[in-house]
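A short worksheet on the structure shown next.
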Amino acid sequence: MGQIVCAWQAAIGGARGLRVNSGFARMAQLFPQYTNTLARIALPCLALGFSVVAWAVHAAWFSSYATEVNTPVEQPVPFSHQHHVAGLGIDCRYCHTSVETSAFAGLPPTETCMTCHSQVWRDAPILGPVRESWTTGRRLRWKRVHDLPDYVYFNHSIHVQEGIACVSCHGRVDRMPLMAKQHSLYMRWCLDCHRAPERHVQPMSEVFVMRDEPAQAAAASRLASRGELRGESPPIFERGRQAVREKAVRDTRLEDCSICHR
Amino acid sequence: MALTAQRCEQVTDRLSGLVLREPLRRGWLAGFALAFALLMLLNVAIPWLLIRGVGIWGVNIPVAWGFAIVNFVWWIGIGHAGTFISAILLLLHQQWRTSINRFTEAMTLFAVACAGLFPLLHLGRPWVFYWLLPYPDTMALWPQWRSPLVWDVFAVTTYLTVSLIFWFIGLVPDLATMRDRAERPWMRVVYGIGALGWRNSARHWKRYEMAYLLLAGLATPLVLSVHSVVSFDFAVAIVPGWHSTIFPPYFIAGAIFSGFAMVLTLVIPVRAVYGLRDLITERHLDHAAKVMLATGLLVALGYASEQWMTWYADEPYDAFMSHNRMFGPYWPVWWTVMACNIGAAQALWWRRVRTSPALLFAVALLIQIGMWTERYMIVITSLHRDFLPSSWGMFHATVWDWATFAGSLGLFFTLLFVFIRLLPMIAIAEMRKQTTEGRE
Amino acid sequence: MSTPYRASVPTPGASPQWRSLDDLARLEGGGDEFPADASEWPDALSRRRFLQLMAGSLALAGTGACTRQPREEIVPYVRQPEALQPGQPLYFATAMELGGEAFGLLVRSDSGRPTKIEGNPAHPATLGRSSVHMQAALLTLYDPGRSQGLMKSGSPATWEDLLGTLTEQRARWQERAGAGLRLLTRRIASPTLREQIARLLTKYPQAQWHEHDAAFPAPPLPAGLRLERAEVIVSLDADFFGSGALHPRAAFDFAKRRRADHGRLYVVESTPSLTGAMADHRRALRPGELADFARGLARAVREPGAEADPWIPAIARDLTEHRGRSLVVAGEFQSPEVQASARELNEALGNVGQTIDNLPPAPGPRAAALPELARAMHSGEVEALLIFGANPAYDSPADLDFNAALEKVPFTLHHGIYFDETAGRCAWHVPESHFLESWSDARALDGTVSIVQPLIEPLYPSKSAHELFAALLGELPADGYEIVRSAWQQRPGGGGFESAWRKTLHDGIAPQTGTVSAPPAQGATTQIPPTEPAAFQASLELIIRPDPHLLDGRLAENAWLQELPKPFTKLTWGNAAHLSPRTAERLGLAHGDVAELRYRGRTVRAPLWILPGHADECVTIHLGHGRNCAGSVGSGCGFNAFALQTSEAPWGGRGLEIHKTRERHVFATTQEHQRMEGREPVRVETLGKPTTPPAEAAPAREETLYPNIDYGRPSWGMVIDLNTCIGCSACTIACQAENNIPVVGREQVLRGREMHWIRVDAYFAGSVEAPQLLHQPVPCMHCENAPCEAVCPVAATVHDHEGLNVMVYNRCIGTRYCSNNCPYKVRRFNFLSYNDTHAPQLALMRNPEVSVRMRGVMEKCTYCIQRISAARIEAEKEARPIRDGEVVPACAQACPAEAITFGDIHDPESRVAALRQSPRHYALLAELNTRPHTTYLARVRNPNPEIA
Amino acid sequence: MKGRALYGLVAEFLEPERLLAAAHAARQAGYKCTDAYAPYPVEGLADALGMRFTGVPLTTLLFGIGGGTTGYAMQLYSAAVDYPLNVGGRPLNSWPAFVPIIFELTVLAAAFGAALSMFAFNGLPRPHHPIFETPFFRERNASRFYLCIEARDRKFREEKTRAFLEEQAPEHVWEVREE
């Protein structure tokens with residue numbers, strides 16, 4: 001071993017430019033025993049390391065940090081869907097008026113808030129901004145929670161018309177004190193549904209109802225997430241498929257680029 | 001002392017000496033400085049390109065591909081000689097390859113590296129180049145496998161990787177020799193790591209030769225495939241002057257043609273400077289020149305058959321295209337190509353030319369210019385006048401086009417100069433074998 | 001001059017077609033194929049550069065995807081306007097005025113921002129069609145170069161300051177009864193404004209009103225014409241498609257007749273014009289000869305006899321055979337004599353009231369002309385000059401020396417949308433509100449009146465002409481809305497005013513107005529034209545015309561129009577002196593030479609453009625260029641033709657000399673080569689003759705190695721009728737407005753990087769002396785076997801199930817392979833960041849339904865897929881198929897001649913399907929078997945057997 | 001040097017023929033755990049030592065086949081199954097267009113197979129090895145020829161083996177000890 005130590009010292013010395021005596025220079029073993037083990041495990045380690053890094057990047061991409069799933073967003077007014085939807089049982093369309101007719105679901109004007117809050121919680125401090133907006137006429141500035149890239153053209157009205165329930169994308173809003181994304185909104189996620197609408201499409205009566213995605217859809221997405229049942233369609237989808245037929249969804253087109261991108 | 005050991009000792013000592021004992025020559029320094037300056041030019045051109053966009057080049061509609069693709073094809077072509085020499089000539093038992101294969105393999109690697117640069121740079125959005133690779137992305141999308149550009153990605157990376165493996169395996173025994181002969185311990189450690197503990201064991205040698213032979217067998221179709229795939233970029237398209245079935249063979253011939261030209265332009269000065277005239281002899285130059293002549297004639301055949309097909313098919317667009325190449329606004333390009341690639345190459349019929357380094361050097365240079373211009377002809381003069389006269393246009397190269405090209409030359413030569421300093425440019429072990437067995 | 005095309009490449013089997021020479025001119029200009037001038041050097045690190053640098057370094061980090069975009073905000077209303085629904089556009093009827101005529105518009109508003117202009121179907125002047133000028137008006141609204149504040153002698157001032165000064169001025173005018181008070185306007189179409197002027201003139205009797213409109217010496221031609229009724233039309237240099245402003249109505253009516261029984265059009269003109277290109281027989285004559293021709297024609301119709309010119313008796317016979325169904329039109333730039341001959345002919349042929357109406361003049365006072373004003377100013381009689389909209393400092397004849405005269409006027413006020421040459425020389429400048437920002441009204445030439453209603457609050461502290469006038473008169477109300485409204489209240493109108501007002505606003509036209517035909521104007525004074533001085537007899541003739549797009553320069557700041565290729569030459573960002581090949585050869589001039597034009601003692605330097613089909617021995621130059629005070633866009637491109645204009649002969653005359661200089665000019669043109677090279681992209685057939693079989697017929701559908709993919713319904717397709725397309729480029733601008741297409745500037749056009757998704761190709765066929773002028777709009781062909789798709793490495797361009805060739809910008813990595821492989825070269829690439837993302841105004845202008853493309857991605861015509869999606873969604877909501885005609889792309893919607901038809905080619909009932917059955921139907925480059933969904937109908941000629 | 005386990009006896013030759021002969025002899029004498037060292041691959045030396053097959057070609061073949069199949073599977077799945085897109089009317093499974101990538105992946109995998117198996121079967125990388133303890137081995141292994149009979153050989157007897165080696169007329173016979 002001692003020999004090795006001075007081999008390295010010499011190596012450093014050599015690096016400093018000292019010339020070392022040739023007797024030493026011709027020392028028998030250049031590398032100590034353990035370097036064999038090192039060398040042997042080096043290659044597998046390299047391969048392993050690479051795959052670990054790749055996996056990590058991939059995981060990060062789909063992590064809730066990147067997708068911001070379940071991370072509530074600070075709002076000027078801490079509006080609670082839980083209270084208004086679950087508590088008071090207000091229908092989605094009361095505030096999101098254009099959801100059935102326009103691409104944009106619509107955010108309520110201050111007026112809408114004031115219809116009630118001119119009567120109830122008249123001087124609750126948290127409603128200060130609302131009252132201020134009402135009196136000054138200055139608009140409220142809400143933070144976007146579901147923000148698609150600008151090159152994606154999502155249209156609420158058609159999805160509602162075809163029987164995609166609010167919960168399918170926005171989750172159980174009625175359990176959210178502060179609004180938070182429920183899905184990554186990645187293209188891959190959109191395609192999951194566009195490739196098999198019958199897993200999510202429901203009769204109109206269900207669309208605005210705040211209950212967990214119907215059993216078949218949940219089951220389906222579970223199966224789908226495990227990459228099973230592409231194409232084939234067990235009976236649990238019958239209801240959905242019927243709805244699809246009624247709605248005449250042209251599912252051949254749902255995978256077209258032009259459906260979302262222009 | 002017995003002959004074999006003595007010869008081996010001489011060869012080994014001399015060749016390893018080229019790296020271990022060679023002083024820093026002024027010629028080397030000058031060359032390196034020049035190459036490095038050009039490399040710095042590339043260092044300016046690339047950031048500016050990324051900041052402003054490909055618009056800083058002369059490309060436009062209709063000529064949407066410009067220098068980037070010309071240079072890409074040119075470099076890839078040059079990258080062919082190395083593998084050709086080390087793989088195909090190995091299978092053909094051409095002893096003379098031994099003196100130059102290591103050097104030309106290195107050349108191949110660097111040329112392919114330069115080539116690989118351009119397709120990336122010429123993208124409109126280079127920062128998303130990885131969309132060309134298949135991986136599970138958030139968009140659930142894949143590359144479009146029917147596009148020759150995807151084939152390029154695979155072909156070039158494969159070619160680079162395989163050449164690298166081939167080159168490295170060739171190096172291992174020599175690295176061992178360097179390890180054992182280097183004076184400075186730290187150098188011995190460094191070479192030692194590269195040598196992977198090679199100890200000249202007979203059993204190792206056997207597997208080694210087997211693997212080397214297999215790699216040669218693999219590299220041979222590969223080298224032929226790479227330029228075929230590159231030629232598909234054009235042959236698969238419908239542009240008159242691109243859409244041609246003879247492109248693959250004609251591109252491969254051209255590649256080896258220009259590759260050997262580059263080999264000679266490099267080897268002739270090197271053998272002079274490092275006094276290797278006895279190892280890289282007139283005989284080697286002669287052989288290389290003969291290969292050049294042969295491939296040159298193949299290229300000429302390519303041109304000829306292109307013309308003949310145009311005439312025979314009587315396809316109006318092609319007819320116009322070939323006429324336009326000769327007499328259109330870009331006529332100088334076509335005539336330069338003919339003069340250099342067909343004209344200059346004919347000088348190689350004379351042994352005098354083939355064996356005189358100076359003349360050969362000149363011819364090789366001309367051929368390289370000719371082959372670059374040929375790619376210019378194929379890419380630009382085909383695009384600038386295609387189907388609808390209303391969309392015809394012209395291409396004007398900009399300063400940045402030239403800067404990037406010069407920069408790539410800088411990259412190439414910088415790598416080459418470094419290689420000459422750090423690694424044995426002639427395969428020592430193979431020379432040992434040849435000097436001892438070669439004489440029987 | 002002819003040497004270059006003699007030396008040019010002869011094509012195997014080329015029909016006697018030949019080429020324009022700009023590519024050779026470029027070669028000569030650029031020398032070899034690597035000219036230094038094409039180099040691209042870094043310029044100073046401007047803010048924009050810096051941002052790009054940031055973007056670049058991001059790119060370097062390769063973190064295009066890793067960076068999280070900043071959190072967006074949603075800002076709802078406090079009180080939401082009813083009718084307005086976020087995400088759904090609204091449409092409002094309004095009108096714009098040009099050359100004293102009203103053009104009714106329908107404007108789309110996206111969340112309070114006007115984003116697209118269309119014609120109003122109810123309006124007689126537009127009939128729902130539109131023109132380049134109507135489309136481009138949108139950019140003017142958002143143009144960052146607009147005048148943004150009130151100025152007093154070059155420094156900012158307030159409206160109150162002005163009011164103060166005006167009260168003083170009023171006092172002075174009062175005591176002198178308005179003596180020395182002069183008013184200068186362009187042609188005015190607003191009744192309310194005319195009333196205000198009338199009030200001013202009654203209040204100050206001595207005051208005088210002058211009218212100066214360099215682009216519209218007379219009202220736009222077509223208003224009185226009934227082209228759809230005319231079977232034989234003779235145009236004496238009358239460009240009723242393109243004179244002054246392109247007139248949608250003319251093209252519309254003409255196309256109607258063409259579709260019906262084609263009819264026959266003779267055009268005799270000096271400079272190739274859009275109208276000339278549509279002619280069945282076109283004759284290029286210099287203005288002098290043209291007058292003789294007109295005289296001869298009139299004579300031949302009066303008493304048929306021997307004529308030197310074989311054309312004359314033939315045309316005369318054709319005319320007399322179609323009494324009451326024929327029409328002779330003289331150009332508004334022609335001498336009174338030619339006008340007279342035309343009038344005489346129409347009366348003789350009994351066309352008046354049949355194919356041509358005499359329109360009643362607008363009510364109210366008459367205005368005097370500019371020369372009188374200039375004289376008065378020079379003689380110091382003028383104390384106060386109020387200029388409304390006009391820009392005489394630039395667009396007045398040189399001999400008036402208006403600028404010097406302006407010095408002599410103590411009080412000058414300029415009201416205009418730009419701070420232009422005149423504004424800079426006036427004491428006061430008041431920014432004018434754009435018509436989309438202000439209330440007004442406008443009268444079409446047939447009397448139809450529309451209300452001009454704003455769609456957006458003024459972007460800058462600007463005033464409408466009405467408001468400024470109210471201030472001048474010290475009247476109330478001072479607010480534009482009140483002014484217009486009260487003016488309308490005073491007019492006689494049946495029923496309750498409120499309902500009528502609302503209805504007018506909604507429909508865009510006032511009920512019971514318009515189509516009032518006046519009695520034939522009798523005894524029109526045929527005055528003898530000024531005889532040319534003997535000195536000029538032998539010399540060249542100069543022809544001065546307004547620019548087809550920039551008019552008299554009032555639109556020079558509109559980048560869309562600057563970059564819109566001019567007819568035939570496809571020239572952008574500048575003008576040229578046009579002359580015929582033969583004349584150029586005689587004078588030893590080459591295309592691209594810069595020459596000195598000397599005309600009656602004045603001189604300009606102009607680059608020469610050798611234009612086939614131009615009359616010999618005369619030179620045409622266009623006004624509207626060479627402005628030096630037109631902002632970053634308009635300043636300093638082209639030369640100023642007003643320098644040669646004289647008030648006695650404003651539209652040119654004899655006495656021109658050309659002196660070649662050593663200098664050469666490289667034109668920024670979008671089409672360098674105009675010979676068809678025997679490839680027949682445009683097919684021409686002769687009426688009645690059996691259709692000529694195409695050179696290479698398209699392979700049969702089963703001739704393919706690929707599976708025949710059966711596109712269901714709808715499968716979108718487009719048919720373009722080359723027989724009615726007049727080549728006006730309205731489609732190009734409409735597309736640019738609808739699809740957020742950027743302008744790239746002269747330097748980039750020179751590099752061949754223009755971005756227009758639909759271009760209008762121009763070809764010259766036939767002999768050099770009398771070429772046939774052909775147009776061809778070329779959008780994406782949406783090929784079924786698209787060559788572009790197969791070569792894209794990332795599937796950024798693929799087919800969808802509706803037969804569209806879709807381009808996914810956000811997937812594109814910019815290899816540009818698709819463009820190389822596109823035989824039609826309709827793909828456009830963002831070589832640099834062309835979209836100005838920094839001017840907030842332009843952000844307002846953009847169509848929210850279309851992605852704004854970033855640097856490094858390919859783009860192309862999408863068939864206005866945003867409109868298709870909208871229609872699809874509506875249809876699916878109602879669970880019905882999309883109706884034929886429900887989807888109308890911007891180009892088709894704008895096309896004044898309805899030459900573009902769009903629809904489902906697999907729907908046997910649809911109009912496109914029907915057109916695809918026509919014997920004239922053909923596909924461009926069909927022999928490549930790309931199976932395009934955009935196809936064409938061949939051009940048809942109806943020659944007079946007696947001629948040719 | 002004493003007190004360390006004996007690794008083997010090493011005979012040093014100047015000529016390949018001698019080594020070859022010695023190797024044959026050793027084999028005749030029934031020595032199994034032998035190895036030879038030569039500055040370059042000497043024809044038939046490994047066979048003389050009784051080396052049967054290398055295993056490299058087979059691995060290469062398997063890797064190659066593997067690469068090719070993955071190549072085709074990947075393209076077929078992504079283009080025809082996972083996201084079928086109509087690309088210019090081409091068939092979803094445009095196998096002719098898939099050939100280039102299949103080929104490239106075959107070659108790539110095979111090349112890795114050849115290289116990796118060569119190193120793996122050779123037990124490389126192995127920077128430390130007793131043979132380096134042979135005196136002057138480093139100076140001479142690039143020019144001289146060695147035959148090593150390892151101590152772990154069942155027939156290895158130090159004196160007898162040394163005697164046997166001496167019979168082969170080497171330059172030297174070294175005894176090499178493990179570290």
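Note: hydrogens, waters and symmetry copies are ignored here, and every other heavy atom, side chains too, is used. Throughout, a chain's letter reflects where its sequence line sits, starting with A, and its residues are numbered from 1.
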So, B:R125 side chain and C:V857 main chain: donor-acceptor pair closer than 3.5 Å or not? no
In a check of side chain to side chain contact (heavy atoms under 4.5 Å, CB included) between B:W392 and each of C:E672, C:K825, C:E677, which one passes? C:E677
Contact part of C:R759 toward chain B, heavy-atom cut-off under 4.5 Å: side chain, backbone, both or neither? side chain
For C:Y817, what residues pass the ring-ring contact (aromatic ring centres under 6.0 Å, His included) criterion, not counting sequence neighbours? B:W65
So, does C:R751 use its side chain to make a donor-acceptor pair with the main chain of B:N60 at under 3.5 Å? no
Kindly give the heavy-atom pair with the smallest separation between C:S819 and B:I61, and that separation in Å. OG-CD1, 3.3 Å
Using only atom types and a distance under 3.5 Å, with no angle test, would you say the side chain of B:Q144 pairs donor to acceptor with the backbone of C:E789? yes
Among B:A64, B:G53, B:S390, residue most engaged with chain C (heavy-atom pairs, under 4.5 Å): B:S390
Let's test your reading of the structure: which of C:P823, C:A790, C:A762, C:A795 forms the most heavy-atom pairs below 4.5 Å with chain B? C:P823
Going by the salt bridge (charged side-chain N to carboxylate O under 4.0 Å, His left out) test, which pairs reach into residues 813-823 of chain C, not counting sequence neighbours? none
Heavy-atom proximity to chain B below 4.5 Å, by part of C:P787: side chain
How many angstroms lie between atom CZ of C:R811 and atom CE of B:M139, to the nearest 0.5 angstrom? 5.0 Å
Using modelled atom types only, decide if a donor and an acceptor are shared between the side chain of B:H122 and the backbone of C:T815 within a distance under 3.5 Å. yes
Does B:G55 offer a backbone N or O that forms a donor-acceptor pair with the side chain of C:R753 under 3.5 Å? yes
Side-chain contact test, heavy atoms from C-beta onward, threshold under 4.5 Å: evaluate it for C:R679 versus B:P389 and give yes or no. yes
Spatial distance of atom CG (B:L123) from atom SG (C:C812) [nearest 0.5 Å]: 9.5 Å
When the 4.5 angstrom heavy-atom criterion is applied to B:V59 and chain C, the contacting part is both
Mind checking the CG-CD1 spacing from B:L149 to C:I813? Nearest 0.5 Å is all I need. 8.0 Å
The interface call for B:L49 against chain C, heavy-atom contacts under 4.5 Å, is backbone
Hey, is NE2 on C:H775 packed in by over 12 heavy atoms from elsewhere, all under 6.0 Å? yes
With rounding to the nearest 0.5 angstrom, report the CG to OH distance, C:L928 to B:Y317. 5.5 Å
Please state whether the side chain, the backbone, both or neither of B:W142 comes within less than 4.5 Å of a heavy atom of chain C. backbone
Nearest heavy atoms of B:V239 and C:N821, plus distance in Å: N-OD1, 4.2 Å
If you count heavy-atom pairs within less than 4.5 Å of chain C, which of B:D233, B:V236, B:V63 leads? B:D233
Considering non-hydrogen atoms only, spot the tightest contact between B:L388 and C:L924 and give its length. CD1-CD2, 3.9 Å
Neighbour count >12 (heavy atoms, 6.0 Å) for atom OH, B:Y135: yes
